[in-house]
Colleague: 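Got a structure here, written out as structure tokens. Questions coming.
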Amino acid sequence: MRYADGPLVECDVHVEAPPRAVWELVTDIELPARLSPELQRAEWTDASTRAPALGETFVGYNRHPLLGEWRTMSRVVELQEQRVFGWAVVDPDGRFGGDAPDFARPMATWRFTLSPEAGGTRLHQSARLGPARSGVSLSIDRMPDREAQIVSARLKELRANIEASLRGIKALAEADER
């Protein structure tokens, strides 16, 4: 497994709530900070933004035991009401090296997909690494012979974070529907 191949992690869960209720949660960019050990907070770059729109941007503040703290910039790149919410992530501060931030070549791309299912919603979340440099790139630079293990370990971390987020969203959505 190589970073240059754009490795992907995907998880999904059935939520006993309609897509509109789940949509409100997945498009709340502040919610993942309550559910994820890595993302500490997120905020729209335009304080007047109340709901995501294509091209809108937000800043994320992250923490990881091996990397410390860093900031990201994300742009909404996919948006279909109650169906798809996707964003591309760049490194605005050049912390991980590489070229100037370019949303066409992000360090990661995240996506939620919602589908009506059995009286509720099938919620799917994915994260694709690369192609731009990220914290994973720094580790690979130090140990290029261990690239496959580094990428695999990062995907395992992301899977655990995504599963925690999906469990949290499910619990919140189902509690709201009761």
Side-chain angles (χ1 to χ4, degrees), residues 6-64 70-92 101-132 134 154-178:
L8 174 73
V9 61
E10 303 177 276
C11 303
D12 63 83
V13 66
H14 177 80
V15 181
E16 293 289 335
R20 70 167 167 67
V22 178
W23 180 255
E24 288 179 29
L25 295 169
V26 301
T27 58
D28 175 358
I29 63 161
E30 296 175 10
L31 179 63
R34 292 177 23 208
L35 306 173
S36 166
E38 193 167 304
L39 180 66
Q40 302 301 296
R41 68 184 167 97
E43 57 196 31
W44 292 106
T45 54
D46 179 347
S48 68
T49 301
R50 299 285 183 249
L54 279 175
E56 291 285 345
T57 57
F58 58 94
V59 179
Y61 298 88
N62 304 279
R63 182 181 309 135
H64 187 279
W70 73 97
R71 183 175 74 119
T72 60
M73 175 76 67
S74 297
R75 175 181 287 160
V76 178
V77 294
E78 280 187 278
L79 191 68
Q80 297 174 28
E81 184 76 22
Q82 296 185 32
R83 290 285 189 181
V84 179
F85 176 45
W87 61 99
V89 184
V90 297
D91 173 15
D102 179 358
F103 286 108
R105 291 187 43 79
M107 63 184 201
T109 306
W110 290 79
R111 186 175 200 246
F112 280 111
T113 304
L114 292 73
S115 305
E117 178 186 79
T121 305
R122 173 62 51 184
L123 177 60
H124 179 268
Q125 186 176 15
S126 64
R128 180 175 302 280
L129 299 179
S134 69
R154 182 59 177 149
L155 292 178
K156 186 176 178 182
E157 283 179 333
L158 290 174
R159 177 175 300 283
N161 292 347
I162 289 171
E163 288 173 345
S165 292
L166 292 177
R167 281 192 307 273
I169 291 167
K170 175 181 174 65
L172 289 168
E174 291 176 353
D176 286 348
E177 288 303 305
R178 290 188 184 126

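For reference, positions follow the sequence shown, starting with 1. What you see below is based on every heavy atom in this structure, not just the backbone, and it leaves out hydrogens, waters and symmetry mates.
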Colleague: Looking at Thr121 and Ala17, would you say the former's side chain and the latter's main chain have a donor-acceptor pair under 3.5 Å?
Modeller: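 Yes; at least one donor-acceptor contact below 3.5 Å.
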
Colleague: Among Gln125, Arg34, Lys170, exactly one meets side chain to side chain contact (heavy atoms under 4.5 Å, CB included) together with Ser165. Which residue is that?
Modeller: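 Output: one option passes, namely Gln125.
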
Colleague: Roughly how far apart are Leu114 CG and Asp12 CG, rounded to 0.5 Å?
Modeller: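 Between atom CG of Leu114 and atom CG of Asp12 there are 11.5 Å.
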
Colleague: Distance-only, no hydrogens or angles: does the Thr49 side chain make a donor-acceptor pair with backbone N or O of Asp46 under 3.5 Å?
Modeller: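 Yes; judged by distance alone, with no hydrogens or angles, the pair exists.
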
Colleague: If you compare all heavy atoms of Pro106 against all heavy atoms of Ala88, which two are closest, and at what distance to 0.1 Å?
Modeller: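 That closest heavy-atom pairing would be CB-CB, 3.8 Å.
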
Colleague: Which atom pair, heavy atoms only, marks the closest approach of Ala42 to Glu30?
Modeller: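 Of all heavy-atom pairs spanning Ala42 and Glu30, the closest is O-CG, 3.4 Å.
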
Colleague: Test Leu31 against Ile169 for side-chain contact (heavy atoms from CB on, under 4.5 Å), laying out the working first.
Modeller: CA-CA 9 Å; Leu31 179 63; Ile169 291 167; 4.1 Å; yes

Colleague: If I take atom CG from residue Leu35 and atom CG from residue Leu172, how far apart are they, to the nearest 0.5 angstrom?
Modeller: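 CG of Leu172 is found 6.5 Å from CG of Leu35.
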
Colleague: Report yes if some heavy atom in the side chain of Arg111 is under 4.5 Å from a heavy atom in the side chain of Glu78; otherwise report no.
Modeller: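 Yes - at least one pair of side-chain heavy atoms lies under 4.5 Å apart.
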
Colleague: State, to 0.1 Å, how close Glu10 and Ser126 come at their nearest heavy-atom pair, and which atoms those are.
Modeller: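 Where Glu10 meets Ser126 most closely, the heavy atoms are CG-CB, 3.8 Å.
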
Colleague: Step by step, work out the salt bridge (Lys or Arg N to Asp or Glu O under 4.0 Å) result for Glu81 and Arg83.
Modeller: CA-CA 5 Å; Glu81 184 76 22; Arg83 290 285 189 181; over 6 Å; no

Colleague: Less than 4.0 Å between a side-chain N and a carboxylate O, is that true for Glu38 and Arg63?
Modeller: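 Glu38 and Arg63: not salt-bridged.
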
Colleague: Strictly below 4.0 Å, N to O, side chains only: are Arg41 and Glu43 in salt-bridge contact?
Modeller: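 Looking at Glu43 together with Arg41, the answer is yes, because their closest N to O distance falls below 4.0 Å.
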
Colleague: Rounded to the nearest 0.5 Å, what's the gap from CD on Glu117 to CD on Glu16? Could you check?
Modeller: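 CD of Glu16 is found 9.0 Å from CD of Glu117.
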
Colleague: Would you please test Asn62 and Thr72 for side-chain contact (heavy atoms from CB on, under 4.5 Å) and show each step?
Modeller: CA-CA 8 Å; Asn62 304 279; Thr72 60; 3.5 Å; yes

Colleague: Backbone N or O of Gly6 within a donor-acceptor pair of the Arg128 side chain at under 3.5 Å?
Modeller: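 Checked: pair present.
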
Colleague: Measure up the Trp44 and Phe58 rings against each other and bin them: parallel (under 30°), tilted (30 to 60°), perpendicular (over 60°).
Modeller: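 Trp44 and Phe58: perpendicular rings.
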
Colleague: For residues Glu163 and Cys11, report the shortest heavy-atom separation together with the two atoms involved.
Modeller: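 Smallest heavy-atom distance, with atoms named: CG-SG, 3.8 Å.
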
Colleague: Check the pair Thr109 / Val89 against side-chain contact (heavy atoms from CB on, under 4.5 Å), numbers first and verdict last.
Modeller: CA-CA 6 Å; Thr109 306; Val89 184; over 6 Å; no

Colleague: Below 4.5 Å, heavy atoms only, C-beta onward: do Trp110 and Leu158 meet side chain to side chain?
Modeller: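 The answer is yes, as the side chains (C-beta and beyond) meet within the 4.5 Å cut-off.
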
Colleague: Using a 4.5 Å cut-off on heavy atoms from C-beta on, say whether the side chain of Ile162 contacts that of Val9.
Modeller: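 Answer yes - side chains close enough.
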
Colleague: Could you tell me whether a side-chain N or O of Gln40 sits under 3.5 Å from a main-chain N or O of Pro37, the two making a donor and an acceptor?
Modeller: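 Yes, the answer is positive, given that a donor and an acceptor are paired below the 3.5 Å cut-off.
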
Colleague: Identify the heavy atoms of Leu155 and Pro7 that sit nearest to each other, and give their distance.
Modeller: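 Answer, listing the atom of Leu155 first, then Pro7: CD1-CB, 3.7 Å.
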
Colleague: Check whether any side-chain heavy atom of Pro116 sits under 4.5 Å from a side-chain heavy atom of Pro18, and report yes or no.
Modeller: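 They are not in side-chain contact.
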
Colleague: Working to the nearest 0.5 Å, report the span between CD of Glu24 and CD of Gln82.
Modeller: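 It comes to 8.5 Å.
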
Colleague: Between Glu174 and Arg167, is the closest basic N to carboxylate O distance under 4.0 Å?
Modeller: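 Result for this pair is no, no salt bridge flagged.
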
Colleague: Tell me, with the steps shown, if Lys156 and Arg154 meet side-chain contact (heavy atoms from CB on, under 4.5 Å).
Modeller: CA-CA 5 Å; Lys156 186 176 178 182; Arg154 182 59 177 149; over 6 Å; no

Colleague: When you compare the side chain of Phe103 with that of Met73, does any pair of heavy atoms fall below 4.5 Å?
Modeller: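 Yes, close enough: below the 4.5 Å cut-off.
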
Colleague: Hey, does Val59 have a side-chain heavy atom less than 4.5 Å from the side chain of Arg71?
Modeller: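 The answer is yes, as the side chains (C-beta and beyond) meet within the 4.5 Å cut-off.
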
Colleague: Side-chain contact, heavy-atom cut-off 4.5 Å: Val84 with Leu79?
Modeller: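 Heavy-atom side-chain distance check fails, nothing below 4.5 Å.
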
Colleague: Does the side chain of Phe112 reach to within under 4.5 Å of the side chain of Trp23, using non-hydrogen atoms?
Modeller: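 The answer is no; the side chains never approach within 4.5 Å.
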
Colleague: If you take all heavy atoms of Ile29 and Phe85, which pair is closest and at what distance?
Modeller: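 So the two residues come closest at CG2-CZ, 4.2 Å.
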
